[in-house]
Each structure stands twice: as C-alpha cells, then as structure tokens.
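Beneath this line is the structure, given in structure tokens, with notes to follow.
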Amino acid sequence: MKSLSQLADDELVKLYENGNNGAFEILLSRYKSKVYSYIYLIVRNKELTEDIFQDTFIKAIATIQQGRYVESGKFLGWVNRIAHNLIIDH
C-alpha cells in the first residue's frame, strides 16, 4: 500500500472528503509555497498575501468538505484560481 505522500492529488482529495485530515496536510505541504508565491507576486504585500493565502485554503477546505470539488484539472490550478478570485475580490 502506498503512503499518503505517494498518492496523486485526486486520490488525496477523495481521502480528505472521506475524513482523512492527513490527506489535506499532504496537499497543503505540496503546494503552499507555490500558492503563496503566486499571491505575493500579484499583491506585493506580505500581510495581505498571508490573509489571502489563508482564505484560499479555508475556501478549498470548505468546497471539498461540501462535496463540491470537481476534478476538472490539476489541484494546484484549482487552488490558484481560488486565490486569483480572492485577489480580484480584494
């Protein structure tokens, strides 16, 4: 059996959806630096970046837990889209 860190993103999302919090921790550790960098490159403000970063993952968690996540591409692209929309909203 594969360890969590060896699973693909879509498998981790399914596990998280079914209550495995460790699966989301793996996703977060995989992509936190990329998402943070993406946000910072646009807003150029550390405090605002941290706020939007946190809001991005809160929204991602809520969406997955509500069963509304649809794998229509890559997890990173989906999370970056959430971040981008939050940047625009700000």
Side-chain angles (χ1 to χ4, degrees):
M1 185 174 170
K2 291 181 179 179
S3 71
L4 283 179
S5 61
Q6 295 174 319
L7 295 175
D9 294 348
D10 60 330
E11 294 172 299
L12 290 170
V13 169
K14 291 284 184 215
L15 285 172
Y16 181 65
E17 204 171 16
N18 293 320
N20 186 331
N21 291 334
F24 193 81
E25 290 175 21
I26 299 295
L27 287 168
L28 179 60
S29 68
R30 274 185 195 171
Y31 298 116
K32 65 183 175 185
S33 65
K34 290 181 182 180
V35 174
Y36 186 92
S37 296
Y38 174 77
I39 296 167
Y40 186 78
L41 285 171
I42 296 171
V43 301
R44 301 280 186 192
N45 178 294
K46 186 177 182 202
E47 291 80 22
L48 182 57
T49 297
E50 290 170 2
D51 288 346
I52 292 172
F53 176 82
Q54 186 174 23
D55 290 346
T56 298
F57 279 95
I58 288 170
K59 189 163 186 150
I61 288 168
T63 301
I64 293 169
Q65 288 178 340
Q66 294 167 2
R68 295 185 301 124
Y69 175 77
V70 178
E71 179 67 32
S72 59
K74 301 277 185 199
F75 182 81
L76 177 60
W78 177 69
V79 172
N80 276 343
R81 192 170 345 113
I82 292 172
H84 188 80
N85 289 338
L86 288 170
I87 290 166
I88 290 170
D89 289 348
H90 183 272

Do the side chains of Tyr16 and Leu27 get nearer than 4.5 Å, heavy atoms only? no

Just verifying a value: how many Å separate Tyr69 OH and Thr63 OG1, rounded to the nearest 0.5 Å? 10.5 Å

Could you pull out all residues at least two apart from Arg68 that satisfy side chain to side chain donor-acceptor pair (under 3.5 Å)? Gln66

Roughly how far, to the nearest 0.5 Å, is CD1 of Ile26 from CD of Gln6? 10.0 Å

Apply salt bridge (Lys or Arg N to Asp or Glu O under 4.0 Å) to Glu50 and list each qualifying residue two or more places apart in sequence or on a separate chain. Lys46

Atom pairs and distances, side-chain donor-acceptor, residues 52-60, under 3.5 Å, sequence neighbours left out:
residue	atom	partner	partner atom	Å
Thr56	OG1	Ile52	O	2.7

Quick note, side chain to side chain donor-acceptor pair (under 3.5 Å) partners involving residues 17-28, not counting sequence neighbours, are none

Which residues pass the side chain to side chain contact (heavy atoms under 4.5 Å, CB included) test with Ser37, not counting sequence neighbours? none

Sequence neighbours left out, what passes side chain to side chain donor-acceptor pair (under 3.5 Å) with Ser5? Give chain and number order. Ser3

Side-chain donor/acceptor pairs under 3.5 Å, residues 78-90, sequence neighbours excluded:
residue	atom	partner	partner atom	Å
His84	ND1	Tyr38	OH	2.9
Asn85	ND2	Arg81	O	3.4

Validation row: Val13, Phe24 side chains within 4.5 angstrom (heavy atoms): no

The criterion is side chain to side chain contact (heavy atoms under 4.5 Å, CB included); which residues satisfy it with Glu11, sequence neighbours excluded? Leu7, Ala8

Going by the rule salt bridge (Lys or Arg N to Asp or Glu O under 4.0 Å), which residues pair with Arg30 if we only count those two or more places apart in sequence or in a different chain? Asp9

If every non-hydrogen atom of Asn45 is compared with every non-hydrogen atom of Tyr40, which pair is closest and at what distance? N-CE1, 3.7 Å

